[in-house]
Amino acid sequence: MRRALLLAALLAGPAAPAAAQHTLEIERFDGRIAVGRDAAIEVTERIQARFTGAWNGIYRKIPLEYRTAQGLNWSVQVELLGARDAEGHALRVETGREGHYLRYKIWIPGAVDAERTIELRYRVRNALRFFDDHDELYWNVTGDEWDVPLGLVSAEVILPDAAQGVRATAFNGVYGSSARDAEVAVQGTDIRFTMPRKLEYREGLTVVVGWAPGVVPRPTLWDKVRRVLLDNWPLGIPLVVVTLMSLLWYRTGRDPSRNPVMVQYEPPKELTPAEAGTVTDESVDLRDITATIVDLAVRGYLKIEELPRNGLLGFFARQDYRFTRLKGEGEWEGLAAHEREVLEGIFRGAGSAELSDLTNRFYRHIPPIQQ
């Protein structure tokens, strides 16, 4: 165990100085935000960094997504304009995405035990917010994802010359902090923010500047709806579903247009009783056949006679009827096919028949009535 501890101490000994020789310090961070007449902002950041050891460059993370007071997502669009060093030489920048941050990797030649100043420029759209009584810039100047202290931080916001009613404030600290330590100086359309102390690890500075409406163009209602749907696309799913279902209903689900329905208290003259009953419930029932027999009797094709009851004192007797044919087959020209079937089924060539003899024959021999 002693030998193992001694070996671990020997290995750890030279590692500590090596780690101490590879550090990055941000000594100053100065931001300049110019609000354009087109409602876009142009951001210039001057970052003064001290490199100890060999470095390839630094990362700059810019927040792209925010949350509104209503709980909706709100995103900005960033366009890189370029980066350069203190001498004005262009620097290579690689762009990537990390969560809700845009990440720029700025390559810095000769960043070995040296102090370098980098100037990063980019343009941002949808960074302004519009309210009933004022327009507003709410901007996280430094970001709050730095793994090293930021040192001294300042920011300058430049508004268009016609801006009136300017007011400003700032927040500093870690994400969600409400501290207001920054010194704010408003001089016309030039607003300066200065931190009286250095910002520590993962601390940032956010500036808020408001002015009277009318200086920059406001988005139209369609622009607002489009931005809300783009930033909160799940909200558009019900709208898409309703639209598709409405189109489907319009093309295939609507009831056909009909003329006004008039109440008719008499049977249709063009339909027989059996046809009317079949159309009503879409089935051929015994009552439809019964109605056909009664109708044929009314029209003079047969006669229905009620027979006397035969039974003990009139009880336990069943009522029976006799059907007498009044017209021969040669006089059936005006009958429908199903009416001829009923007459043929009843009489079968005879001149008369009783209902008690016909009950079972109706079910066995009479075919479905043709509508």
So with a 6.0 Å cut-off around CZ of Arg202, is the heavy-atom count from everything else above 12? yes
Separation between CG of Leu64 and OH of Tyr101, rounded to the nearest 0.5 Å: 10.0 Å
Do Arg218 and Phe130 meet the cation-pi criteria used here (NZ or CZ under 6.0 Å from the six-membered ring centre, within 45° of the axis)? no
Here's one to test your reading of the geometry: is the NZ or CZ of Arg254 within 45 degrees of the ring axis of Tyr250 and under 6.0 Å from its centre? yes
Review item, side-chain donor-acceptor pairs of residues 155-170, under 3.5 Å, at least two apart:
from, atom 1, to, atom 2, distance (Å)
Glu156, OE2, Arg192, NH2, 3.3
Arg167, NH1, Gly165, O, 3.3

With side chain to side chain contact (heavy atoms under 4.5 Å, CB included) as the criterion, how do Arg37 and Val215 come out once you've worked through the C-alpha distance, each side chain's angles and the decisive distance to 0.1 Å? CA-CA 7 Å; Arg37 289 280 188 174; Val215 180; 4.2 Å; yes
Arg251 atom CZ, over 12 foreign heavy atoms within 6.0 Å: no
Is atom NZ of Lys198 surrounded by more than 12 heavy atoms (other residues, nucleotides or ligands) closer than 6.0 Å? no
Residues in ring pair (Phe, Tyr, Trp, His ring centres under 6.0 Å) contact with Phe131, at least two apart in sequence or another chain: His134
Within this structure, what is the CG-OG1 distance for the pair Asp113 and Thr52, rounded to the nearest 0.5 Å? 6.0 Å
Using distance only, find each side-chain donor-acceptor pair of residues 26-36 under 3.5 Å and give its atom names and separation, not counting sequence neighbours.
from, atom 1, to, atom 2, distance (Å)
Glu27, OE1, Gln48, NE2, 3.1
Glu27, OE2, Arg50, NE, 2.7
Glu27, OE2, Arg50, NH2, 3.2
Arg28, NE, Asp30, OD2, 3.3
Arg28, NH2, Asp30, OD1, 3.0
Asp30, OD1, Ser154, OG, 2.4

Passes side-chain hydrogen bond (donor to acceptor under 3.5 Å, both in side chains), Tyr175 versus Glu145? Steps please. CA-CA 9 Å; Tyr175 178 79; Glu145 292 291 325; over 6 Å; no
N/O donor to acceptor pairs below 3.5 angstrom from side-chain atoms of residues 296-304, sequence neighbours left out:
from, atom 1, to, atom 2, distance (Å)
Arg299, NH1, Asp295, OD2, 2.8
Arg299, NH1, Glu339, OE2, 2.7

Mind checking the CG-OG1 spacing from Asn140 to Thr206? Nearest 0.5 Å is all I need. 3.5 Å
Side chains of Tyr321 and Leu307: does their closest heavy-atom pair fall under 4.5 Å? no
Donor-acceptor check, side chain of Asp285 to backbone of Arg287, threshold 3.5 angstrom: yes or no? no
If we ignore hydrogens and angles and just use 3.5 Å, is the side chain of Arg60 paired with the main-chain N or O of Thr142 as donor and acceptor? yes
How many angstroms lie between CG in Leu91 and CH2 in Trp107, if you round to the nearest 0.5 Å? 12.0 Å
Residue list, salt bridge (Lys or Arg N to Asp or Glu O under 4.0 Å) with Arg197, at least two apart or on another chain: Asp181, Glu203
Donor-acceptor contact below 3.5 Å, side chain Arg84 vs main chain Ala86: no
Verify the neighbour count for atom OH of Tyr138: are there more than 12 heavy atoms of other residues, nucleotides or ligands below 6.0 Å? no
So how far is it from Glu341 CD to Thr292 OG1, rounded to the nearest 0.5 Å? 12.0 Å
Min side-chain heavy-atom separation His338-Thr272 under 4.5 Å: yes
Give a yes or no answer on whether the side chain of Trp139 reaches the backbone of Leu128 with a donor-acceptor pair at less than 3.5 Å. no
Say whether, by atom type as modelled, one donor and one acceptor occur between the side chain of Ser177 and the main chain of Asn172 under 3.5 angstrom. yes
Going by ring pair (Phe, Tyr, Trp, His ring centres under 6.0 Å), name the residues that satisfy it together with His100, two or more places apart in sequence or in a different chain. none
Interatomic distance, CH2@Trp332 vs CZ@Arg325, rounded to 0.5 Å, equals 5.5 Å
